[in-house]
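These values consider heavy atoms only, across backbone and side chains, with no hydrogens, waters or symmetry-generated copies.
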Amino acid sequence: MSLTPELRRGIDQIRDYLYGGGFPDPLTNAEQLSFLFFFYLVEGLDSDNQLARQAKRDYAGMFAGEWALKNPLNAPTDGAKSVPAERLRWSKWRVMAGEPLVRWIRDEVFPFYAAVAEQSATNFMTGARLGIDEPTVLTQVVGLIDKLRLDEADADTKGDLFEHVLKQIRQAGELGQFRTPRHVIRAIVEMVDPKVGETISDPAAGTAGFLVAAYNHIRLANSSHSGIHEDELDGKTVRSGWGDKLSSAMSNKLANATFYGNDVDPKMVRLATMNLTLRGLANVPILKRNALTTTMERGERAALNLPLDGYDVVLANPPFSGRLDKDRIVDDVRVGTSTATEILFLKYMLNSLKDGGRCGVVVPEGVLFDSTGAHKELRRQLVENNTVKAVMSLPGGVFQPYSGVKTSVLLFRKGGSTDKVLFLHADADGYKLDANHDTPVEADDLPLLANAYRRRAELWGQWQARDAGAEWPEKWWFAGADAIRANDLNLSAGRYRPQSQTQVEHRNPLELLDELRAIESEIMTEVDVLADKLRERAT
């Protein structure tokens, strides 16, 4: 079963009804719909887990035993203090209506799932409460959700549905300023190529998009021909795999000792945990933690069952539009006097990788060429003390409708030193680069560039054998470490692109505007640094 257009329309109908029913706030609706969809979908997940008993794996049913009632008005008979936990299943209370439904969900369902969440790696129900408390509206919304008939949905469909709810609300610009498009995430994950047995971290997890994509990538790589299927997602065909070639030990490793994440926002921690749980990954720890302002000692990591010597893979799109109070920044992530989150997060990711570990991270273009001391020092560390594999320039507009900021993807391995860098340039990402960035188009450079990254050893030979005086038609090229050092450690793809008369005459005006924005950002960064220094001298 896949997330069909009919299912999408059903979700959109629910959102429209909420708005018209007096609940216009997109953020509140995102949370509330997420809870209700989770309550509906997790019942099927519990049934699936019951089947684990057939494989001789212990599993205590989520709805086993008795539930002590929190509100006496919810007692089925006078004086009853408890009810079978079975009564907390969606299928049992979905037929209720009006004030009794509000009271049951508010006073019993939410506390029940809070108790369930206490047994998970992350208590995603901390602080959760029912916000749709108008009886008629709640009754209608529950009925509309139930009509979607997801009883037989697989984990992929459940997760895709959950992400669709988040995406639609995010399009209103309320649930994350820089949501990473899922097709861009898939391209990055394909290039980094995480594998079974590796540990994978996202220090700014958001709703767990990178972790979910890494899980799907691993399952696809471990699927038989008959276990691979194609689905339509956001107007594109996406290949998925059931992971039927994974052994029981491998599956256990994926579920319990592979994925890790942090986020500073409790709402993101909650949504990420629900997203992962619906995909069968209830034991993935998503910690509410600011990695830039708090340290975690080895003993604390051990107590939380986190890898003690770093991660094999880090995948992230960290916040890159803010600054921190310099007194709050922990020493481990400091780079000069910078307080810019994009610099600090990149340093944190370097620190969190084990030797030989791989990273794929989205960065604002300024990180690659800004001339402040912190920017240059960070690039020096990357080039001299680590192995920068590639830089992929993304099209301007990838983050619309949230921001027009120009971004790139930085791919590196911890340790060693850089001898050459593969530069990749995407003019198109498969969607119309307009204010909404949600209309599928044929032009898509991402598959081509992901393939070029995988073939980079072969392409290096082609690059060396090229005729330097001839037109270079490809969207990839190389630069050696000496050339990068000679250019002030500039890692911007455009800096090393083979120039030709054709390219000069036909440069995209939008690309020029992106460069102007980046230059303006660089100037403002240097002004801020100068202002900070002047304030320090004044005190």
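- Side-chain atoms of Thr237 and Glu230 form no donor-acceptor pair, as typed in the model, at a separation below 3.5 Å.
- Using a distance-only test at 3.5 Å, with no hydrogens or angles considered, no donor-acceptor pair links the side chain of Ser251 to the main chain of Ser248.
- The backbone N or O of Phe23 lies less than 3.5 Å from a partner atom in the side chain of Asn29, making a donor-acceptor pair.
- Listed here is the closest heavy atom pair of Gly227 and Asp244: CA-OD1, 3.7 Å.
- Here the side chain of Ser223 pairs no donor or acceptor atom with the backbone of Ile228 at under 3.5 angstrom.
- Shown here is Arg129, whose CZ atom has no more than 12 heavy atoms of other residues, nucleotides or ligands within 6.0 Å.
- The salt bridge (charged side-chain N to carboxylate O under 4.0 Å, His left out) test applied to Asp312 returns Lys354, not counting sequence neighbours.
- Side-chain atoms of Met296 and Leu306, non-hydrogen and from C-beta on, do get closer than 4.5 Å to each other.
- In plain terms, the two heavy atoms of Ile14 and Phe37 that are nearest each other are CD1-CZ, 4.2 Å.
- More than 12 non-hydrogen atoms from other residues, nucleotides or ligands lie less than 6.0 angstrom from NZ of Lys236.
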Please test Arg9 against Glu6 for salt bridge (charged side-chain N to carboxylate O under 4.0 Å, His left out), starting from the C-alpha separation and ending with a verdict. CA-CA 5 Å; Arg9 284 194 291 271; Glu6 290 76 18; 3.4 Å; yes
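- In summary, the aromatic rings of Phe35 and Tyr113 are positioned with their centroids too far apart to meet the 6.0 Å limit.
- Relative to the six-membered ring of Trp67, Lys70 meets both conditions, a distance below 6.0 Å and an angle of at most 45° to the axis.
- Under a cut-off of 6.0 angstrom, the local environment of CD in Glu297 is sparse, with at most 12 non-hydrogen atoms contributed by other residues, nucleotides or ligands.
- Other residues, nucleotides and ligands place more than 12 heavy atoms under 6.0 Å from the OH atom of Tyr17.
- When atom types are taken as modelled, the side chain of Asn283 and the backbone of Asn256 share no donor-acceptor pair closer than 3.5 angstrom.
- Atom CG of Leu220 sits about 11.0 Å away from atom NZ of Lys245, to the nearest 0.5 Å.
- Proximity of a side-chain donor or acceptor of Arg301 to a complementary backbone N or O of Pro307 within less than 3.5 Å is detected.
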Could you walk me through whether Val212 and Arg279 satisfy the side-chain contact (heavy atoms from CB on, under 4.5 Å) test, starting with their C-alpha distance in whole Å, then the side-chain angles of each, then the deciding distance to 0.1 Å, before giving a yes or no? CA-CA 8 Å; Val212 167; Arg279 298 175 187 276; 3.3 Å; yes
Check the pair Val196, Glu198 against side-chain contact (heavy atoms from CB on, under 4.5 Å), reporting the backbone distance first and the verdict last. CA-CA 6 Å; Val196 176; Glu198 294 184 323; over 6 Å; no
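- In terms of modelled atom types and a separation under 3.5 Å, the side chain of Thr139 and the main chain of Gly98 share a donor-acceptor contact.
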Could you go through Asp325 and Thr339, starting from their C-alpha distance and side-chain angles, then the distance that decides it, and tell me whether this counts as side-chain contact (heavy atoms from CB on, under 4.5 Å)? CA-CA 7 Å; Asp325 184 333; Thr339 59; over 6 Å; no
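- Closest approach of Leu69 and Ala80 over heavy atoms only: CD1-O, 3.9 Å.
- Ile200 has its side chain within reach of Thr258: a pair of non-hydrogen atoms, C-beta onward, lies under 4.5 Å apart.
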Let me see the working for Asn290 and Arg328 under side-chain contact (heavy atoms from CB on, under 4.5 Å), right down to the final yes or no. CA-CA 10 Å; Asn290 188 333; Arg328 297 179 59 215; 4.2 Å; yes
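- Contact of the Val189 side chain with the Pro194 side chain is registered, since non-hydrogen atoms from C-beta on lie closer than 4.5 Å.
- Between Val361 and Asn317 the shortest side-chain heavy-atom distance does not fall below 4.5 Å.
- Identified under the salt bridge (charged side-chain N to carboxylate O under 4.0 Å, His left out) test for residues 95-113, with sequence neighbours left out: none.
- Every side-chain contact (heavy atoms from CB on, under 4.5 Å) that Asp355 has, sequence neighbours left out, goes to Lys414.
- Residues Arg15 and Leu18 have side chains not in contact (no heavy-atom distance under 4.5 Å, counting atoms from C-beta outward).
- In this structure a side-chain-to-backbone donor-acceptor pair under 3.5 Å is missing from Glu43 to Arg89.
- Ring centroid separation for the pair Trp90 and Tyr40 comes in under the 6.0 Å cut-off.
- Under a cut-off of 6.0 angstrom, the local environment of CZ in Arg454 is crowded, with over 12 non-hydrogen atoms contributed by other residues, nucleotides or ligands.
- With respect to Arg334 and Asp332, no salt bridge is recorded, no charged nitrogen being found less than 4.0 Å from a carboxylate O.
- Judged by distance alone, with hydrogens and angles left aside, the side-chain atoms of Asn275 form no donor-acceptor pair with the main-chain N or O of Leu271 at under 3.5 Å.
- The structure places CE of Met268 at 12.0 Å from CD1 of Ile286, a figure rounded to the nearest 0.5 Å.
- A centroid separation of 6.0 Å or more is found between the aromatic rings of Phe259 and Phe210.
- Residues Trp104 and Arg87 approach most closely at CZ2-O, 3.5 Å, considering heavy atoms.
- Shown here for Leu315 and Pro203, the closest heavy-atom pair between the two residues is O-CD, 4.3 Å.
- How far CZ of Arg239 is from CG of Asn216: 12.5 Å, rounded to the nearest 0.5 Å.
- In this structure, the side chains of Met274 and Ser34 come closer than 4.5 Å at one or more pairs of heavy atoms.
- The main-chain N or O of Gly415 is found under 3.5 Å from a side-chain atom of Asn386 such that the two form a donor-acceptor pair.
- One distance of note links CG of Leu138 with CD1 of Ile105; it measures 4.5 Å at 0.5 Å rounding.
- Ile329 is not listed as a side-chain neighbour of Leu292, based on a closest heavy-atom distance of 4.5 Å or more.
- Listed here is the closest heavy atom pair of Ala64 and Ala85: O-CB, 3.6 Å.
- The main-chain N or O of Ala213 is never found under 3.5 Å from a side-chain atom of Arg186 such that the two would form a donor-acceptor pair.
- For the pair Ser240/Arg219, no side-chain contact is recorded, criterion being any heavy-atom separation below 4.5 Å from C-beta on.
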Apply side chain to side chain donor-acceptor pair (under 3.5 Å) to residues His437 and Asp429 and explain how you reach the verdict. CA-CA 10 Å; His437 191 232; Asp429 71 334; 2.7 Å; yes
